[in-house]
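Taking it in order: structure first as structure tokens, then the write-up.
Throughout, a chain's letter reflects where its sequence line sits, starting with A, and its residues are numbered from 1.
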Amino acid sequence: MFREECETALAYALKKTLPEIKVETLSLSKPPNIDFGQLASSLCFEFARKLNQKPIALAEHLVRAMRKSSFSLIEKVVAAGGGYVNFHADFPKFSALVLSSVRQLNFEYGFVKTDCPVEVIVEHTSVNPLHPIHIGQARNPMLGDALARILEHRGHAVSRHYYIDDVGRQSSVVAYGYAKLGEPQPDEKADCFVGKIYTITSCIVELNRLKRALELAKTVSPSDDVAKINKDLAEWMSVAAELEEKFPALFAKLLAKIGEDENPEEEINRLNRAYEDGEPEAKRLIRKVSEMCIQGFRETQERVEVRYDSWDWESDFVWSSQVSKVLQKLQTSPFVYTEGGVLEFDAEKVACTLNLKAKLGLREDYEVPPLTLVRADGTTLYTTRDVAYTLWKFNRADRVVNVIGMEQSLAQLQLKIALYALGYSRYADNFAHFAYNLITLPGYKMSSRRGRYITFDAVLDEAVERAYEEVSKRSPQLTETEKREIANFVGVGAVRYALVDVDPSKPVIFTWDRVLNFETNSAPYVQYTHARACSILRKADRKPENADFALLKEKLERELVLAVASFPDAFIEATEYLKPNLIADFANALADKFNTFYNALPVIKAEPQELSDARIALTDAVRIVLHNALNLIGVVAPEKM
RNA sequence: GGGCGGGUAGCUCAGUACGGAUAGAGCAUCACCCUCCUAAGGUGGGGGUCGUGGGUUCAAAUCCCACCCCGCCCGCCA
């Protein structure tokens with residue numbers, strides 16, 4: 001509203017003073033400082049040269065030409081800073097408008113609905129059912145869930161999907177090991193149990209393979225190959241030593257049982273083929289292990305309140321022949337060829353033929369690598385199956401957002417190109433890969449295959465434990481139950497916030513103090529600020545019925561009103577550019593301003609009561625906006641802590 | 001070799017899509033502030049060649065070109 005009024009005023013002045021100049025867009029921007037008003041135009045700098053005048057003279061000229069009598073929300077317009085035209089809002093009116101609007105819309109404030117709501121599928125997490133979710137992967141559900149929440153609040157119909165990748169060879173590895181153990185019931189959290197079996201089995205099988213490769217290489221291959229194999233062997237031997245030390249009983253048992261097989265690798269490949277073919281015994285076994293692991297995932301996800309609308313089994317797409325149908329269709333296109341018994345997809349040819357490179361943001365001279373669709377043994381590859389899955393998704397939604405690590409960017413690009421090749425350009429246009437960078441540990445990369453990872457559960461446990469110590473220290477008067485409850489949402493909130501707060505494209509090195517931060521720029525800080533606002537309102541114990549917003553004259557108060565007023569813009573930006581981290585930053589910045597205000601000015605005891613009431617209304621608005629912002633990133637907004 | 005992402009204070013990061021006013025926070029460090037609405041807080045100090053070098057512009061952390069460093073990808077893995 002204020003923006004529109006400023007634009008109208010500026011356009012009017014321009015037309016009056018400089019009718020010969022045409023401007024398409026009057027881009028008004030937020031000045032860096034409240035003293036420069038609330039909106040500013042820098043267009044005088046652009047025209048000054050053309051008109052051979054000084055920018056400031058031009059700005060003054062424009063200001064004089066404005067029709068002041070038509071101002072409503074504008075208090076005054078000033079030429080300043082060498083050539084800016086600064087618009088100052090009429091704060092009493094502006095504050096009254098903003099604060100009453102927040103109060104009225106309450107927990108809907110800021111969630112501006114889109115003009116064209118669509119059905120959106122957000123696929124996220126999709127950790128393979130082989131081991132617990134580790135901290136490197138936990139960034140995914142935090143981002144994915146925040147995205148889903150944001151899109152939902154924008155008015156879209158959002159469906160959260162988890163893609164269970166049970167068709168890869170690793171699923172056969174863990175199922176093979178599990179069968180060797182005699183299919184025991186887990187004696188601990190199921191995904192941890194599965195994770196151990198996976199890592200140990202995988203290690204033993206790899207050692208076995210390398211040893212046999214070495215024998216072969218000694219007789220026929222050059223010494224380079226032998227050296228390479230020896231190096232790998234040494235690495236896996238050290239992994240084996242680590243695992244044997246950590247889990248001696250399980251390791252010994254798997255070693256003995258797997259040792260009974262002449263060629264474990266062959267057994268695993270056979271199981272993998274049998275599973276893709278849908279043989280009942282293979283299905284029973286692999287599904288059993290996968291389900292077990294997923295049960296563990298659900299427990300973890302429940303702790304952080306991340307839930308899914310649909311769990312989609314990759315194998316279902318293979319068995320239901322949706323994958324083979326896609327393959328058939330692709331083969332009728334001119335973009336598929338056979339080479340050495342394998343089926344290849346010529347993504348480069350598609351990109352050239354359909355003239356996609358500019359559209360996809362690729363350089364014209366960049367050659368898109370081909371994608372292998374089918375192995376020589378007839379089994380399919382991950383991306384091939386993902387094409388079928390993507391088509392299935394578009395039967396249920398208009399838009400698809402895949403939250404997948406950036407290391408899969410090429411595969412996601414090839415997938416998108418495959419959609420174009422199949423003639424589904426509308427799907428391809430509405431297909432987005434939301435890429436995020438890896439979380440690494442200081443010094444080494446997390447590796448599920450090597451069993452080197454910190455689980456998400458362990459991080460949550462530690463965070464909650466640390467939060468409990470903090471609560472006990474800071475609020476000893478609380479009951480044990482209250483402390484536990486607070487510790488939980490503070491600990492979980494801290495982790496969620498820490499993983500959403502940084503730009504997804506930045507690599508993150510995991511350190512405990514990054515996620516266990518309870519000070520400024522963290523969930524606990526924002527939560528604390530929210531609780532503080534609640535506390536004031538509780539103590540005030542009255543509705544701000546006699547508020548006089550003209551009394552909110554302090555710079556701090558005005559900055560707060562402005563921050564509250566800018567929440568809808570921040571929300572829209574976060575949604576349209578898929579940037580959940582903006583919400584975390586916004587919440588933190590608002591909390592900062594509120595705490596400064598809190599320390600500097602009394603609310604309840606302010607005199608006269610009209611001022612006190614205005615400040616109560618302001619506090620209430622801050623409370624609502626903090627609540628709404630935290631809600632978008634899945635962090636609890638507590639009334640006490 | 002090619003492609004993609006990142007490089008901003010000692011450390012962790014905002015800001016870059018859409019160029020604008022003194023480049024912002026936090027941590028750490030030093031000095032302060034609870035007879036007062038929650039001190040998980042606030043105030044103040046010190047700390048910057050915005051990777052490097054060119055270019056475009058009235059104006060560049062932001063746009064263009066080249067180069068350097070780190071990570072990822074270029075697989076009949078996922």
Side-chain angles (χ1 to χ4, degrees), chain A residues 25 27 29 31-33 36 40 42 45-46 48-49 55 80-84 86 126 128 165 167-170 314 339-344 361-363 365-377 379-383 385-386 404-411 413 435-438 440 445 467 470-471 473-475 490 501-503 505-509 511 513-514 517-522 524-529 531-540 573 577 579 581-582 585 588-589 591-592 594-606 615-616 619 640-641:
Chain A
T25 50
S27 59
S29 56
N33 189 310
F36 301 141
S42 58
F45 291 101
E46 292 172 47
R49 200 178 162 86
Y84 291 94
N86 292 339
S126 302
N128 297 178
D165 174 24
V167 182
R169 211 171 335 228
Q170 324 84 321
E314 190 178 20
E339 193 176 77
V342 303
L343 202 62
E344 296 279 347
L362 305 171
R363 283 173 177 244
D365 55 0
Y366 170 68
E367 229 179 279
V368 187
L371 171 73
T372 303
L373 296 167
V374 182
R375 293 190 186 97
D377 72 355
T379 55
T380 53
L381 283 107
Y382 174 79
T383 307
R385 302 187 292 264
D386 207 2
I404 297 179
M406 62 157 236
E407 71 279 3
Q408 291 196 44
S409 294
L410 176 58
L413 174 69
Y436 62 92
N437 215 316
L438 259 37
T440 52
K445 239 173 87 174
E470 294 291 318
V471 192
K473 197 166 68 195
R474 297 169 199 275
S475 311
V490 168
D501 178 47
V502 277
D503 187 316
S505 63
K506 303 257 185 185
V508 165
I509 296 171
T511 53
D513 57 346
R514 177 192 283 276
N517 174 21
F518 295 142
E519 295 174 9
T520 306
N521 208 343
S522 72
Y525 174 72
V526 181
Q527 287 174 314
Y528 181 77
T529 310
R532 184 178 248 181
C534 288
S535 173
I536 294 174
L537 295 167
R538 214 165 34 234
K539 295 227 163 112
E573 197 181 343
Y577 297 103
K579 287 179 130 181
N581 53 313
L582 293 183
D585 288 340
N588 184 64
D592 259 343
F594 182 74
N595 283 319
T596 306
F597 162 80
Y598 171 90
N599 273 275
L601 303 165
V603 175
I604 300 171
K605 290 176 184 161
R615 286 184 181 159
I616 289 172
T619 302
K640 282 185 187 175
M641 68 183 268

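- Nearest to the side chain of A:Phe36, among B:U22, B:U38, B:G41, sits B:U22.
- One can place OH of A:Tyr436 at 15 Å from P of B:C72, the figure rounded to the nearest angstrom.
- A:Gly340 comes within contact range of at least one nucleobase, with a heavy-atom separation under 4.0 Å.
- Between A:Ser475 and B:A40, a side-chain N or O to OP1/OP2 separation shorter than 4.0 Å is absent.
- Contacts of A:Ser505 with the nucleic acid, taken as non-hydrogen atoms under 4.0 Å apart, involve only primed sugar atoms and P, OP1 or OP2.
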What pairs of nitrogen or oxygen atoms, one from the protein and one from nucleotides 55-58 of chain B, lie under 3.5 Å apart?
| residue | atom | partner | partner atom | Å |
| --- | --- | --- | --- | --- |
| B:C58 | OP1 | A:Arg49 | NE | 2.8 |

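- Contacts of A:Ala600 with the nucleic acid, taken as non-hydrogen atoms under 4.0 Å apart, are absent.
- Side-chain atoms of A:Asn437 never come within 3.5 Å of backbone atoms of A:Lys506 as a donor-acceptor pair (strictly under, hydrogens ignored).
- Of the candidates B:G15, B:C13, B:G42, the closest approach to any side-chain atom of A:Lys579 belongs to B:G15.
- Counting heavy atoms from C-beta on, the side chains of A:Thr529 and A:Tyr598 never come closer than 4.5 Å.
- In this structure, the side chain of A:Arg615 engages the main chain of A:Pro602 through a donor-acceptor pair within 3.5 Å.
- Residue-to-nucleotide proximity on RNA chain B shows that, of A:Thr372 and A:Ile536, the 5′-proximal contact is made by A:Ile536.
- Taking each heavy atom of A:Ala80 and A:Asn86 in turn, the nearest pair found is CB-ND2, 3.7 Å.
- Using a 4.0 Å heavy-atom criterion, one finds that A:Val167 contacts no nucleic acid atom at all.
- Atom P of nucleotide B:U38 and atom NZ of A:Lys640 are separated by 11 Å, given to the nearest angstrom.
- Note on A:Pro55: nothing from the nucleic acid sits closer than 4.0 angstrom, heavy atoms only.
- Using a 4.0 Å heavy-atom criterion, one finds that A:Glu367 contacts no nucleic acid atom at all.
- Protein atom CG of A:Leu582 is 10 Å distant from nucleotide atom C1' of B:A14, rounded to whole Å.
- A straight line from NZ of A:Lys539 to P of B:C37 spans 7 Å, rounded to a whole angstrom.
- Nucleic acid contact for A:Ala48: none, since no nucleic acid atom lies under 4.0 Å from a heavy atom of the residue.
- The residue A:Tyr525 sits close only to the backbone: its heavy atoms come under 4.0 Å of sugar-phosphate atoms, none of a base.
- Side-chain contact between A:Leu373 and A:Thr380: absent, with no pair of heavy atoms (C-beta onward) separated by less than 4.5 Å.
- Atom CZ of A:Phe597 and atom P of B:U38 are 13 Å apart (whole Å).
- For B:U12, the OP1/OP2 oxygens have no side-chain nitrogen or oxygen of A:Lys506 closer than 4.0 Å.
- Counting any heavy atom pair closer than 4.0 Å across all strands shown, A:Glu573 reaches a base atom.
- In B:C30 the O4'-C1'-N dihedral to the base is more than 90° from 0, which defines an anti nucleotide.
- Residue A:Pro369 is in sugar-phosphate contact alone, with no base atom involved, counting any heavy-atom pair closer than 4.0 Å across all strands shown.
- Residue contacts for A:Arg615: at a heavy-atom cut-off of 4.0 Å it reaches no nucleic acid atom on any strand shown.
- Remark: P of B:G2 and CG of A:Leu410 are 17 Å apart, rounded to the nearest angstrom.
- In this structure, A:Met406 places its CE atom 12 Å from P of B:C74, rounding to the nearest Å.
- Listed nucleotides B:C77, B:A40, B:U22 differ in distance to A:Asn33; the shortest reach to its side chain belongs to B:U22.
- Nearest nucleotide to the side chain of A:Tyr528, out of B:G42, B:A40, B:C4: B:A40.
- Closest-nucleotide positions on RNA chain B for A:Asn128 and A:Ser42 were compared, and the one nearer the 5' end corresponds to A:Ser42.
- Among the protein residues, A:Ile604 comes within range of the nucleic acid bases, having at least one heavy atom under 4.0 Å from a base atom.
- Rounded to an integer number of Å, the gap from CG of A:Asp503 to P of B:A17 is 13 Å.
- In RNA chain B, runs of at least 3 consecutive Watson-Crick or G-U pairs, each pair with both distances below 3.5 Å, span B:1-7 with B:68-74, B:10-13 with B:24-27, B:29-33 with B:41-45, B:51-55 with B:63-67.
- An OP1 or OP2 oxygen of B:C77 is reached within less than 4.0 angstrom by a side-chain nitrogen or oxygen of A:Arg375.
- The phosphate of B:C13 (OP1 or OP2) has a side-chain N or O of A:Arg514 nearer than 4.0 angstrom.
- Considering only heavy atoms from C-beta on, A:Arg474 stays 4.5 Å or farther from A:Tyr528 through its side chain.
- Residues A:Val490 and A:Val471 are not in side-chain contact: their nearest non-hydrogen atoms beyond the backbone lie 4.5 Å or more apart.
- Base engagement by A:Ala411 is indicated by at least one non-hydrogen atom pair under 4.0 Å involving a base atom.
- The two residues A:Gly81 and A:Phe45 come nearest to each other via the heavy atoms O-CZ, 4.0 Å.
- At least one donor-acceptor pair closer than 3.5 Å links the side chain of A:Asn595 to the backbone N or O of A:Ala591.
- A donor N or O paired with an acceptor N or O is found under 3.5 Å between the base of B:A21 and the side-chain atoms of A:Asn86.
- Contacts of A:Leu343 with the nucleic acid, taken as non-hydrogen atoms under 4.0 Å apart, are absent.
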Please list, pair by pair, any protein nitrogen or oxygen found under 3.5 Å from a nitrogen or oxygen in nucleotides 24-33 of chain B.
| residue | atom | partner | partner atom | Å |
| --- | --- | --- | --- | --- |
| B:C27 | OP1 | A:Glu519 | OE1 | 3.3 |

